[in-house]
Amino acid sequence: MQVSVIGLGYVGLVTSACLAEWGHHVTGVESNLDRLEALKNGGMPFFEPGLSDMVSRHAATGHLQFTAAGTDAVETADVVIVAVGTHDGNGGWQTETMLSTLSDVVPYMADGSTLVIRSTLPPDFIRQVPGLVRSLRHQAGRPTIPAMVNPEFTREGAALRDFLEAERVIFGIIEDPDGHGLAQLTSLYERSTAPVLTMSAIDAAFAKLGSNLFLATKISFANELAALCDAFGAHVDQVVTGMSYDSRIGGSFLRAGVGFGGSCLPNQVAMTVRTAEQAGIPSPLLAAVNDINHRQRLDFVERLQTMSGGTLDGKRVALLGLTFKPETDDLRDAPALEIARHLLSAGASVVAYDPMESARRRSAELVPGLQVVADVLEAVTDADAIGLVTEWGEFLRLDWAAIRALVRRAVVVDGRGALSADAVIAAGFDYASFGRGVRSPVAVPDRPTDRAASRSPRRRHGRQAEGSGREPVPSLRVE
Ligand code: UGA
């Protein structure tokens, strides 16, 4: 099929490359000329494992082309997919980009083609789409066209697999009187082996939103559970493992830590709370999910402060990881950046390292005062405390005995529960993580700083001695 994809951001570019992989002829339309030029020359606007190879393979065969000329591209397409941004970056929706894209594209689409919206849409916007499409077609003196939504469920870092081996594909019908739109979407996904669910557009939009809201809720639940584990001396990984064998619960998205970041989960929780408020509907659960998530970042800073002697003023903190999760260079709502700002305002000097060069460069611009270095050992040298924020594979293989020789004070706060606590402690570090207690190389009576930490239940961490066997069991199913 001939496909046009409007907007070559994360969603649009992944969609374009994967549809080309399935043998479709795809034209990606991008209005940002720098981005377009880069793509034409084989450059990627962001990092996604495998994407660069896939794009260059299909660009070489001509299955994937890039252009700024949306009109030409849509005139010949069987399906036009719109993948432009719909959030304002400040916890709100914005639909101006979608509206102007539809005005630019819909009048020129071929008669008999189908409009597919892949962007996540604000629920009340969907109602406007049929009237808008009909009037744009009418003004152009052309017959109307079917309009569908096809939400994406792709995780950054695993986007190609999530697309090509999706767990489900959802088709939502905005307007499709004779079933032609559904038939075209079905042909588009002919190569997919995933179950296809067809429903109304509003149901499809809520299925997408609901999935992200539930994932966010699971994470905040795990974080609240972790606080309880800390207060009563339980180990959250063991607890979650114990829960995960119940098929009604499962183990994924229950990893306690500094909480969720990125462009999707935090925004969609905040936007839904706001939308519910505007509709006069209470949403106390999602408000709590949001609050807990933000509290985790502050809690991480407090843990660093407590463990580095009660004050951050004049201390040197090494932050490991800047991106919102591993295998991406995305810094949107990355917990590390907010944490760095708090540490700096508490008087610490902060030296950060991330394996992604582009993320290092942009972080230094985004957080004034943050020092960013290109080597993890340089980051930890002379540190009073080390805080791990993103669980990149490189950090899981660190030689903690070698690091012990470089630091000023042996403190590690593991914001993702990703390190081997036993290995870190065996190298002589005090170690803390969410729901995994505070552990030291030798069992010693509580220090004043620990007593301070135990005043609030959220700051009370169970103390365990070296080798207490509290490592996650190999069967751990937490993702
Ligand atoms: C999320 C969804 O997972 C995708 O299904 C969805 O398509 C996408 O949003 C979207 O709406 O476009 P993504 O933002 O790439 O994908 O990231 P996730 O893998 O969901 O991770 C989000 C955050 O949660 C990360 O900061 C991660 O570190 C954190 N997280 C994840 C936890 O803190 N604990 C966990 O157990 C899992």
Side-chain angles (χ1 to χ4, degrees), residues 7 9-15 46-49 51 83 85-87 118-121 150-163 165-170 204-226 236-237 240-241 243-244 249-269 271-272 289-290 292-297 299-300 321-339 388-392 414-418 433-435 472 476-479:
Y10 200 85
V11 173
L13 191 54
V14 167
T15 302
F46 49 82
F47 174 76
E48 175 63 33
L51 183 62
T86 49
H87 61 71
R118 195 149 167 82
S119 314
T120 303
L121 288 177
N150 172 222
E152 53 87 23
F153 298 97
T154 47
R155 286 162 300 172
E156 292 188 24
L160 303 187
R161 197 184 62 218
D162 282 352
F163 190 105
E165 297 163 38
E167 290 179 341
R168 85 300 213 178
V169 170
I170 295 188
F206 267 99
K208 157 72 188 191
L209 203 55
S211 299
N212 277 0
L213 298 178
F214 187 63
L215 293 172
T217 304
K218 285 185 92 174
I219 298 168
S220 282
F221 170 81
N223 284 329
E224 189 153 301
L225 186 66
V236 73
D237 293 332
V240 168
T241 301
M243 292 162 55
S244 70
I249 299 173
S252 65
F253 270 68
L254 288 172
R255 200 181 58 245
V258 293
F260 53 84
S263 65
C264 304
L265 266 45
N267 255 302
Q268 282 166 24
V269 172
M271 290 192 292
T272 307
V289 166
N290 199 26
I292 292 167
N293 198 48
H294 283 287
R295 210 168 58 189
Q296 292 307 105
R297 299 174 185 191
D299 201 341
F300 183 76
L322 290 162
T323 54
F324 84 96
K325 65 175 185 178
E327 302 306 328
T328 176
D329 59 355
D330 200 337
L331 291 170
R332 286 175 290 178
D333 211 344
L337 301 189
E338 189 181 335
I339 287 166
L388 180 133
V389 191
T390 318
E391 67 279 30
W392 283 98
D414 179 356
R416 295 292 182 184
S433 184
F434 295 88
L476 188 68
R477 293 206 287 158
V478 185
E479 282 167 26

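First listed ligand is number 1; within each ligand, the first listed atom is number 1. When a residue number appears, it is its place in the shown sequence, counting from 1.
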Nitrogen or oxygen of R416 less than 3.5 angstrom from that of ligand 1 = yes
message = M243 vs T241, test: side-chain contact (heavy atoms from CB on, under 4.5 Å). Steps then yes/no.
response = CA-CA 5 Å; M243 292 162 55; T241 301; over 6 Å; no
task = Show your reasoning for whether side-chain contact (heavy atoms from CB on, under 4.5 Å) applies to F153 and D162.
result = CA-CA 7 Å; F153 298 97; D162 282 352; over 6 Å; no
message = Would L265 count as a polar contact of ligand 1, with the cut-off being nitrogen or oxygen pairs under 3.5 Å?
response = no
request  = Of the side chain and backbone of N212, name the one, both, or neither that has a heavy atom under 4.0 Å from an atom of ligand 1.
outcome  = side chain
note = The atoms of ligand 1 lying under 4.0 Å from a heavy atom of E156, numbered in the order shown, are 15 (O)
message = Distance under 4.0 Å to a non-hydrogen atom of K208: what atoms of ligand 1 satisfy this?
response = 6 (C), 7 (O), 10 (C), 11 (O), 12 (O)
task = Could you tell me whether the side chain of Q268 and the main chain of L213 form a donor-acceptor pair under 3.5 Å?
result = no
ask   = Closer than 4.0 angstrom: is that true for some heavy atom of G261 and an atom of ligand 1?
value = yes
task = Kindly confirm or rule out an N or O of L215 lying under 3.5 angstrom from an N or O of ligand 1.
result = no
key: Rounded distance (nearest 0.5 Å) linking atom CD1 of I339 with atom CD of Q296   = 9.5 Å
query = Out of curiosity, F260 CZ to N223 CG, how far, rounded to the nearest 0.5 Å?
reply = 9.0 Å
message = Going by side-chain contact (heavy atoms from CB on, under 4.5 Å), name the residues that satisfy it together with T328, two or more places apart in sequence or in a different chain.
response = E156, T323, F324, K325, D330
ask   = Is ligand 1 under 4.0 Å from a heavy atom in the side chain of K218, in the backbone, in both, or in neither?
value = neither
inquiry  = Please evaluate residues V240 and D237 with respect to the criterion side-chain contact (heavy atoms from CB on, under 4.5 Å), reporting the C-alpha separation (whole Å), side-chain torsions for both, the decisive distance (0.1 Å), and the verdict.
reply    = CA-CA 5 Å; V240 168; D237 293 332; 5.8 Å; no
query = Looking at CG of N150 and OG1 of T15, how far apart are the two atoms once the value is rounded to the nearest 0.5 Å?
reply = 8.0 Å
query = Of Q268, K325, E327, E391, which has the heavy atom at the shortest distance from atom 18 (P) of ligand 1?
reply = K325
key: T154-ligand 1 polar pair, N/O distance under 3.5 Å   = yes
inquiry  = If the cut-off is 4.0 Å to any non-hydrogen atom of L254, which atoms of ligand 1 fall inside it?
reply    = 36 (O)
task = Compare G321, G251, C264, G417 and give the one whose heavy atom is closest to atom 14 (O) of ligand 1.
result = C264
